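Comments concern the structure below.
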Amino acid sequence: MTFNLVELFELLEYKTDGPVSMNVILKLQSWGLIANENTLKCNNGHFLKLYPSSDVCDGFVWRCREYTATRKQKKVRCEYTQSLRKNKFFCKSHLSLYQIVIFSYLWVENVSLEFLSKQVKISKCCG
């Protein structure tokens, strides 16, 4: 798939920061940047599902809401949560998902670091 920067901004709904929408998540899943449904499991072996969350910058988390039996045969709801970014190359990034996608696109297009840092609104660090 090839596209230009304008098409990329259209796909990202003209946003560069803040929570992502489900449409953007679906696009990122199709590119393999975010896990798909029925691939991640909690510690009890249940599949995780995406849920909206205002507590996280991406706006969604993977969560298990299944019931599990305890030793005394009581059912307890599993409240396992996991970041949308877990096990992805950008899991520890402080950038928004929008910035990560735009950065990656510009990097692949081999633009200068100065232009890239200005467009994505990140500082260029010299080691």
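We use all heavy atoms of the structure for the numbers below, so side chains are in, but hydrogens, waters and symmetry mates are not. This is a predicted model, so every value here is computed, not measured.
- With sequence neighbours left out, the side-chain hydrogen bond (donor to acceptor under 3.5 Å, both in side chains) criterion links Ser53 to no other residue.
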Residue pair Arg65, Tyr51: steps toward the side-chain contact (heavy atoms from CB on, under 4.5 Å) verdict: CA-CA 10 Å; Arg65 306 279 296 168; Tyr51 283 91; 3.4 Å; yes
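- Note: the hydrophobic cluster containing Phe47 does not contain Met22 (ILVMFWY, side chain heavy atoms under 4.5 Å, direct or indirect links).
- A donor-acceptor contact shorter than 3.5 Å links the side chain of Tyr98 to the backbone of Pro19.
- To the nearest 0.5 angstrom, Trp31 atom CH2 is 12.0 Å from Leu26 atom CG.
- Between Leu116 atom CG and Asn110 atom CG the span is 10.5 Å, to the nearest 0.5 Å.
- Around NZ of Lys15, the count of heavy atoms belonging to other residues, nucleotides or ligands within 6.0 Å exceeds 12.
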Test log, rule side-chain contact (heavy atoms from CB on, under 4.5 Å), inputs Ile34 and Leu97: CA-CA 10 Å; Ile34 294 177; Leu97 287 175; 4.3 Å; yes
CA sep, side-chain torsions, deciding dist, call: Trp62, Leu84, side-chain contact (heavy atoms from CB on, under 4.5 Å): CA-CA 6 Å; Trp62 291 105; Leu84 190 65; 4.0 Å; yes
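- For Arg63, the salt bridge (Lys or Arg N to Asp or Glu O under 4.0 Å) test picks out no residue, with sequence neighbours left out.
- Counting Ile, Leu, Val, Met, Phe, Trp and Tyr side chains that sit under 4.5 Å apart, directly or through other members, Val56 shares a hydrophobic cluster with Val61.
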Stepwise side-chain contact (heavy atoms from CB on, under 4.5 Å) check, Gln29 with Thr39: CA-CA 12 Å; Gln29 286 176 325; Thr39 58; over 6 Å; no
